Amino acid sequence: MPELPEVETVRRGLAPFMEGRSIGALTLNRADLRFPLPRDFRGRVEGRRVRHLSRRAKYLVIVLEGELSIVAHLGMSGSFRIEEAPGGLAAFHHPRSKDEAHDHVVFAMTGDGDGRGDVRIIYNDPRRFGFMDLVETDALDRYPAFGALGPEPTGNALSAGYLAGRFRAKKSPVKAALLDQRVIAGLGNIYVCEALHRSGISPERRANTLVTEEGDAAPVLEDLTRAIRDVIAEAIEAGGSSLRDHIRTDGSLGYFQHRFRVYDREGAPCVTPGCTGTVARIVQSGRSTFHCPVCQT
DNA sequence: ATCATGACCTGTTAGC
DNA sequence: TGCTAACAGGTCATGA
């Protein structure tokens, strides 16, 4: 699932349990995820304190003391969960359920001496499209996967004018253009569908038709820009408000539910006020697109 | 260059 | 109930 809001929710959920604590032990239950795990991963991170958790697009960054950072991506099915042991790490045991077969990486965090007990942070990923990498912190700017990323949809760098520049020569459907991480970093299939619906734009419309002859943003591109900001901000908020409940129930992070207006709602009535349409599913670039053929033009 | 497609991997669900 | 096919929120390599 993890698009930007989900990764941000994971970051916020993990931060209280990782920042300021040390990685007492790292357990690797296999040698690779999507890519091989870093060489000497265990030896390089064990004993280091976590300074800070940050995020770039859909990447989670765990900044360690000693100028080393872990870059993690959750792929399609990655999630973290938190297990607390009031009696310390020794109190944990290993009931191996089906789901736990995909617990690939376990961080055993040592308490911070502030009355909080020891905690295990467990990375689970059935499909293994996620990965973890180890990078010198001062080299993060040059991290290859970050190099081509477009602006975050949460910041000021995303504007209608910026998108006009990127869309001007693009003949591909606007759906595909928005999924391109080099244009905007962090949008995925769900939020692209949602943003297009909110702004009344057909996902099949060519991106360059949202730009005027002069190369400026058409009014509808202003709407789209606002919709992207709104939908991402609302999803982050929804993730934040679901955090407490989630941690309390099973400690899992990365799969909070959110109400969508079109995504996965094929056949349902369009919720746009006054619209009589029905949500349809089409396939673009091999992926499902949900949209309302009546109010999205 | 730009765009669409297939590949990566496993689990879940719809349909017969 | 069991089997099969389709599908899943993301990237990356490939070829047109």
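Nothing here was measured: the structure is a model prediction, and the numbers come from that model. The sequence lines fix the lettering, A, B, ..., with proteins before strands; numbering per chain opens at 1.
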- Message: Expressed as a whole number of angstroms, how long is the span from A:D125:CG to B:dC8:P?
- Response: 17 Å

Distance check, rounded to the nearest 0.5 Å: [X] atom [atom1] versus [Y] atom [atom2]?
| X | Y | atom1 | atom2 | result |
| --- | --- | --- | --- | --- |
| A:C295 | A:H197 | SG | NE2 | 4.0 Å |
| A:H102 | A:I122 | NE2 | CD1 | 14.5 Å |
| A:L163 | A:I184 | CG | CD1 | 4.5 Å |
| A:S288 | A:D264 | OG | CG | 8.5 Å |

- Message: In dot-bracket form, 5' to 3', how is DNA chain C paired? Count Watson-Crick and G-U wobble pairs only if both distances fall under 3.5 Å, and write | where the partner sits on another strand.
- Response: .|||||||.|||||||

- Query: Which nucleotide in the set C:dC12, B:dT5, C:dG9 lies at the smallest distance from any side-chain heavy atom of A:I190?
  - Reply: C:dG9

- Nucleotide of C:dG10, B:dA4, C:dC12 approaching A:K58 most closely (side-chain heavy atoms):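 Of C:dG10, B:dA4, C:dC12, C:dG10 is nearest to the side chain of A:K58.
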
Phosphate OP1/OP2 of [N]: any [X] side-chain N/O under 4.0 Å:
| X | N | result |
| --- | --- | --- |
| A:H102 | B:dC9 | no |
| A:S172 | B:dA4 | no |
| A:R287 | C:dG10 | yes |
| A:Q181 | C:dT11 | yes |
| A:K170 | B:dC3 | yes |
| A:Y191 | C:dG9 | no |

- Could you say whether A:R281 or A:F129 is positioned toward the 5' end of DNA chain C, judged by the nucleotide with the nearest heavy atom to each?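 Whichever sits nearer the 5' end wins; that is A:R281.
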
- Item | Evaluation steps, salt bridge (charged side-chain N to carboxylate O under 4.0 Å, His left out), between A:R55 and A:E152 | CA-CA 10 Å; A:R55 178 191 60 72; A:E152 298 275 327; 2.8 Å; yes

Interatomic distance at [atom1], [N] relative to [M], whole Å:
| N | M | atom1 | result |
| --- | --- | --- | --- |
| B:dG11 | C:dC12 | C1' | 23 Å |
| C:dG9 | B:dC3 | C1' | 22 Å |
| B:dG6 | C:dA6 | P | 13 Å |

- Who passes salt bridge (charged side-chain N to carboxylate O under 4.0 Å, His left out) against A:D32, sequence neighbours left out? A:R30

- Task: Describe the nucleic acid contact of A:P173 in one word from base, sugar-phosphate, nothing, applying a heavy-atom distance below 4.0 Å.
- Result: sugar-phosphate

- Item | Any donor-acceptor N/O pair, A:R265 side chain to A:R261 backbone, under 3.5 Å | yes

- Item | First encountered from the 5' end of DNA chain B, between A:G286 and A:R128 | A:G286

